[in-house]
Colleague: 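Here you go, one structure.
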Number of protein chains: 2
Amino acid sequence: MSADGTVGKACDVLEQVAAFKRPARFNEILEASPFPKATLYRLMQTLTNQGMLAYDPEAQTYSMGLRLVRMAHAAWGQSSLAPIAAPILDKLAAEVGETIHLAQMENGQVLFVDKRRASVLFETLAQTGRVAPAHSTGVGKAILAFMTPDRLERALRQQAFVKYTPNTHDNADSLMAELAQIHEDGVAFDREEHEQGIISIAAPILLGSGKVVGAVSIASTTNRNSPDTLQAFKPALLDATARIGEQATPWQFPT
Amino acid sequence: MSADGTVGKACDVLEQVAAFKRPARFNEILEASPFPKATLYRLMQTLTNQGMLAYDPEAQTYSMGLRLVRMAHAAWGQSSLAPIAAPILDKLAAEVGETIHLAQMENGQVLFVDKRRASVLFETLAQTGRVAPAHSTGVGKAILAFMTPDRLERALRQQAFVKYTPNTHDNADSLMAELAQIHEDGVAFDREEHEQGIISIAAPILLGSGKVVGAVSIASTTNRNSPDTLQAFKPALLDATARIGEQATPWQFPT
DNA sequence: AACCTAGTTCCACTATTTGGAACTTGCAAG
DNA sequence: CTTGCAAGTTCCAAATAGTGGAACTAGGTT
């Protein structure tokens with residue numbers, strides 16, 4: 001994306017490697033990257049012996065380093081809502097018996113920071129850390145609806161409006177209309193806009209100052225629920241987000 | 001630690017910020033870092049607008065950026081045993097009803113990659129990503145005991161032999177003696193060596209080639225169990241580690 | 001109003017990064 | 001066996017990007 005000197009390039013490389021969902025060969029990464037061979041090579045060497053990347057000499061592949069995992073652990077504990085929200089999400093999960101997501105915004109994209117799975121117990125990290133587009137998820141819309149106009153504008157400019165299902169918003173205008181309504185209502189619905197058969201109700205997490213810092217959603221399938229029945233969870237959901245908002249100190253995201 | 005050009009410094013800065021377990025002021029970080037003010041300042045700016053750090057203008061604090069979380073998610077799927085081991089750990093957890101850890105080695109330190117909590121359901125990521133010393137944990141010793149001599153030597157050179165409890169090994173010799181015995185026995189015990197009241201039984205995960213890539217432990221408290229009763233879990237544990245080892249492709253750690 | 005201290009900017013100096021090209025490996029086809 | 005090709009690695013002079021001392025600004029304190 002941008003080019004902030006060497007460090008910026010290093011970050012780009014990390015991102016590239018992350019983009020392969022498996023360990024990748026040097027050449028694969030080279031092809032996907034804008035850097036000349038020698039440059040990329042040196043960068044990857046540096047990152048490798050910093051522990052940010054891991055190189056397997058036998059398979060000649062690079063993957064993300066464990067040092068990164070350790071740092072991310074710190075990140076999770078520090079800059080995210082997750083640790084504050086955890087007990088509240090536990091309680092909410094127990095109450096509603098559905099899958100719950102906690103999300104934050106990272107430049108126009110929804111980042112899932114934590115979740116509670118209804119029945120099957122684990123897999124937490126597997127979903128946590130995943131990114132979804134803002135315009136087609138309950139949490140995304142809940143966050144957008146409560147952003148300040150300028151932040152909203154910036155976020156929307158980065159939207160691609162990919163049409164995942166027939167219900168997905170495919171332009172800014174229809175989305176904006178819904179956002180206004182969400183703002184009034186206090187909760188957002190995902191009516192199979194991201195995935196066929198999956199619906200959710202979501203509410204923003206607001207700081208005392210009124211700043212949105214994230215959102216919580218209760219998701220279900222069309223088999224078990226409809227948007228109308230999800231409506232029943234609204235009080236519990238709003239209670240949870242309010243409590244998280246109260247407890248959140250405003251170490252939130254920049255810009 | 002080491003100095004690999006700008007990127008190395010950037011990593012050091014990230015580590016510094018991570019070391020504070022809360023968002024930190026510029027000056028706090030400055031004091032803890034070897035870099036001059038201007039240099040640190042520029043580095044942190046770069047990292048911030050790369051999303052590796054997050055800056056809160058209101059509180060004037062830095063914390064780890066969400067971009068790291070996203071990358072770590074990739075790391076989890078790529079370079080760790082976790083996705084392969086997940087179903088097997090689930091089964092093991094159900095069988096033994098105790099807390100289970102999955103760990104990998106990162107230059108002399110044990111990194112917890114995944115866990116299953118006996119009773120309380122969640123908190124997964126909270127522990128996942130944490131680092132513990134190798135000489136005083138079941139998983140650590142299980143891994144060390146099956147390393148090749150040269151890797152072992154390198155790993156031990158980085159050990160500090162901190163004495164956490166009266167039972168902790170405080171020198172290489174006593175540790176080596178136990179490692180030999182563990183190698184023979186196939187499992188390692190942690191007899192309150194890291195934390196008073198916590199014991200565990202651990203077994204290494206071996207690749208077909210015989211290379212250790214990690215370890216699994218079953219942990220309990222002295223109230224509920226003793227090393228002797230943990231012994232009863234040995235078959236289930238060995239079965240689990242064997243199965244993980246079979247399925248693991250050798251994208252493992254470098255050097 | 002004078003005085004700190006945390007945070008930010010400046011800028012000449014220099015060390016680091018750059019990347020084209022040449023070299024090495026390892027394997028596969030002739 | 002040797003020729004050819006592709007992946008990976010090293011070189012080095014040119015130039016860019018990083019350095020850090022010092023000077024500046026903001027905002028709070030005595």
Side-chain angles (χ1 to χ4, degrees), chain A residues 1-17 19-20 22-50 52-65 79 249-255, chain B residues 1-17 19-20 22-65 79 250-255:
Chain A
M1 283 232 160
S2 60
D4 257 310
T6 321
V7 175
K9 291 178 193 174
C11 294
D12 287 353
V13 172
L14 288 175
E15 204 89 62
Q16 291 283 0
V17 178
F20 289 83
R22 54 189 171 75
R25 281 235 174 62
F26 175 81
N27 229 38
E28 300 182 287
I29 299 163
L30 177 59
E31 276 164 37
S33 104
F35 309 114
K37 220 202 297 198
T39 304
L40 212 221
Y41 182 71
R42 255 173 307 107
L43 266 175
M44 305 230 318
Q45 277 212 151
T46 306
L47 288 170
T48 300
N49 63 49
Q50 288 297 325
M52 305 298 279
L53 289 179
Y55 178 65
D56 176 1
E58 295 178 46
Q60 298 190 137
T61 54
Y62 291 86
S63 44
M64 305 307 282
S79 89
T249 26
W251 354 304
Q252 282 330 122
F253 53 125
T255 338
Chain B
M1 284 235 163
S2 61
D4 256 311
T6 322
V7 175
K9 290 177 193 175
C11 294
D12 287 354
V13 171
L14 288 174
E15 204 90 63
Q16 292 282 359
V17 177
F20 289 84
R22 54 186 172 77
R25 282 235 173 63
F26 175 80
N27 230 38
E28 299 181 288
I29 299 163
L30 176 60
E31 276 165 36
S33 102
F35 308 114
K37 220 202 299 199
T39 303
L40 212 220
Y41 182 71
R42 256 173 307 108
L43 265 176
M44 305 228 321
Q45 277 213 149
T46 305
L47 288 170
T48 300
N49 63 48
Q50 287 297 326
M52 305 296 281
L53 290 178
Y55 179 65
D56 175 2
E58 295 178 47
Q60 299 191 137
T61 54
Y62 291 86
S63 45
M64 305 305 282
S79 88
W251 351 307
Q252 283 329 123
F253 54 124
T255 337

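Below, read A as the first sequence line, B as the second, and so on, with proteins coming before strands; counting in each chain starts at 1.
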Colleague: Could you tell me whether the phosphate oxygens of C:dT8, OP1 or OP2, come under 4.0 Å of any side-chain nitrogen or oxygen in B:Tyr41?
Modeller: yes
Colleague: Can you name the closest pair of heavy atoms from B:Thr61 and B:Arg25 and give their distance?
Modeller: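 Where B:Thr61 meets B:Arg25 most closely, the heavy atoms are CG2-N, 4.4 Å.
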Colleague: Check the phosphate of D:dG18 against B:Arg42, side-chain N and O only, distance under 4.0 Å to OP1 or OP2. Yes or no?
Modeller: no
Colleague: Round to a whole Å and report the spacing from CG of A:Leu40 to C1' of C:dT17.
Modeller: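 Those two atoms, CG and C1', are 14 Å apart.
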Colleague: ring-ring contact (aromatic ring centres under 6.0 Å, His included) with A:Tyr55: which of A:Tyr62, A:Tyr41, A:Phe26?
Modeller: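 It is A:Tyr62, the one option of A:Tyr62, A:Tyr41, A:Phe26 that forms the ring-ring contact (aromatic ring centres under 6.0 Å, His included) with A:Tyr55.
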Colleague: Between B:Thr39 and D:dG20, is there a side-chain N or O to OP1/OP2 distance below 4.0 Å?
Modeller: yes
Colleague: Send over the distance from A:Asn49 CG to D:dT9 P, rounded to a whole Å.
Modeller: 13 Å
Colleague: Is there side-chain contact between A:Asn27 and A:Leu30, with heavy atoms separated by less than 4.5 Å?
Modeller: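 A:Asn27 vs A:Leu30: side chains touch.
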Colleague: With distance as the sole criterion, do the side chain of A:Lys37 and the base of C:dG19 form a donor-acceptor contact below 3.5 Å?
Modeller: no
Colleague: Are the side chains of A:Pro34 and A:Gln16 in touch, meaning some heavy atoms are under 4.5 Å apart?
Modeller: yes
Colleague: In whole angstrom, what separates A:Glu28's CD from D:dG8's P?
Modeller: 9 Å
Colleague: If you assign each of A:Val7 and A:Phe26 to its closest nucleotide in DNA chain D, which residue comes earlier from the 5' end?
Modeller: A:Phe26
Colleague: Nearest-Å distance, CD (A:Gln45) to P (C:dT18)?
Modeller: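 A:Gln45 atom CD is separated from C:dT18 atom P by 13 Å.
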Colleague: Under 4.0 Å: is that the gap between some side-chain N or O of B:Thr6 and OP1 or OP2 of C:dT17?
Modeller: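 Result: yes.
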Colleague: Between A:Leu47 (CG) and C:dT17 (C1'), how many Å, whole number?
Modeller: 14 Å
Colleague: OP1 or OP2 of D:dA7 versus the side-chain N and O atoms of A:Arg25: is any pair under 4.0 Å?
Modeller: no
Colleague: Among D:dC11, C:dG7, C:dC10, which is the nearest nucleotide to the side chain of B:Gln60?
Modeller: C:dG7
Colleague: Rounded to whole Å, please give me the gap between CG in A:Leu43 and C1' in C:dT16.
Modeller: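 It works out to 12 Å between those atoms.
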Colleague: Could you tell me how far apart B:Phe35 (CZ) and C:dG7 (P) are, to the nearest whole angstrom?
Modeller: 18 Å
Colleague: Any side-chain N or O of B:Asn27 under 4.0 Å from OP1/OP2 of C:dT5?
Modeller: no
Colleague: Looking only at heavy atoms, what is the nearest atom pair of B:Phe35 and B:Lys9, with distance?
Modeller: CE2-CG, 3.5 Å
Colleague: Rounding to an integer number of Å, can you tell me how far B:Met44 CE sits from D:dG18 C1'?
Modeller: 17 Å
